[in-house]
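Just so you know, ligand 1 is whichever comes first in the structure, and atom 1 is the first atom listed for that ligand.
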Amino acid sequence: MIGRLNHVAIVVPDIAAASATYRRTLGAGVSEPCPLPAHGVTVVFVELPNTKIELLEPLGPTSPVARFLQRNPAGGMHHLCYEVDDIIAARDKLRAEGAKVLGDGEPRLGAHDKPVLFLHPKDFCGTLIELEQA
Ligand code: CO
């Protein structure tokens with residue numbers, strides 16, 4: 001059911017410093033920071049030949065990644081995003097398998113303006129999973 005790895009998301013305390021690490025130290029192509037107030041994050045996209053890395057910095061007091069950063073002050077891997085062809089079919093299959101879909105289970109538009117859902121880490125080897133309809 002799952003297809004390509006769309007991205008790995010890393011929450012960081014300082015997106016400028018993290019961008020410099022990826023651009024200079026690792027030699028990657030890095031976008032300019034893009035504030036997404038509706039998602040409570042500022043995002044930078046690191047383009048790799050086979051996938052993307054998303055660097056996420058909390059934006060605003062109600063950022064969904066602020067607590068993650070409190071628990072992981074140096075930053076850390078936050079989620080993996082897998083592509084699916086049909087997000088509703090994927091959701092229904094996962095629910096039938098007993099997996100917990102976060103929120104109300106209705107897809108919302110993610111950072112790439114594509115429908116996304118999140119799956120509880122307890123069902124997936126301790127890893128928060130995002131599904132994106134590619
Ligand atoms: Co993501």
Side-chain angles (χ1 to χ4, degrees):
M1 178 179 69
I2 60 170
R4 282 169 23 98
L5 175 66
N6 185 277
H7 61 267
V8 177
I10 301 174
V11 174
V12 301
D14 180 340
I15 205 158
S19 297
T21 296
Y22 271 84
R23 184 180 289 123
R24 274 197 244 118
T25 312
L26 294 173
V30 176
S31 75
E32 290 303 310
C34 179
L36 299 174
H39 295 278
V41 293
T42 298
V43 63
V44 158
F45 300 100
V46 181
E47 292 286 345
L48 302 181
N50 61 342
T51 191
K52 293 187 285 284
I53 307 295
E54 278 183 9
L55 304 175
L56 303 173
E57 183 186 68
L59 176 64
T62 59
S63 173
V65 296
R67 269 186 49 226
F68 180 90
L69 203 52
Q70 283 165 11
R71 293 194 303 270
N72 305 274
M77 205 207 81
H78 186 259
H79 64 268
L80 300 176
C81 178
Y82 299 123
E83 297 180 359
V84 294
D85 291 331
D86 181 335
I87 201 161
I88 298 297
R91 177 196 66 191
D92 293 347
K93 171 184 164 50
L94 287 159
R95 278 183 170 160
E97 302 277 350
K100 180 169 171 52
V101 179
L102 297 183
D104 63 4
E106 292 308 313
R108 40 183 294 226
L109 293 182
H112 311 113
D113 280 329
K114 304 247 179 84
V116 303
L117 283 173
F118 284 90
L119 308 175
H120 198 288
K122 73 180 170 59
D123 299 319
F124 297 98
C125 314
T127 308
L128 178 63
I129 302 289
E130 179 180 18
L131 297 180
E132 179 178 295
Q133 184 167 292

Quiz item: At what distance, to the nearest 0.5 angstrom, does OG1 of Thr42 lie from CG of Leu59?
Solution: 4.0 Å

Quiz item: Atom CE of Met1 and atom CD of Glu83: how far apart are they, to the nearest 0.5 Å?
Solution: 13.0 Å

Quiz item: So, Phe45 versus His112, ring centres under 6.0 angstrom or not?
Solution: yes

Exercise. Please report how many protein N/O/S atoms lie under 2.8 Å from the Co ion (ligand 1).
Key: 3

Quiz item: Out of Ile10, Val41, Val65, Val12, which residue meets the side-chain contact (heavy atoms from CB on, under 4.5 Å) rule with His78?
Solution: Val65

Quiz prompt | Asp86 atom CG, over 12 foreign heavy atoms within 6.0 Å | solution = yes

Quiz prompt | Sequence neighbours excluded - salt bridge (charged side-chain N to carboxylate O under 4.0 Å, His left out) pairs with any residue from residues 43-63 | solution = none

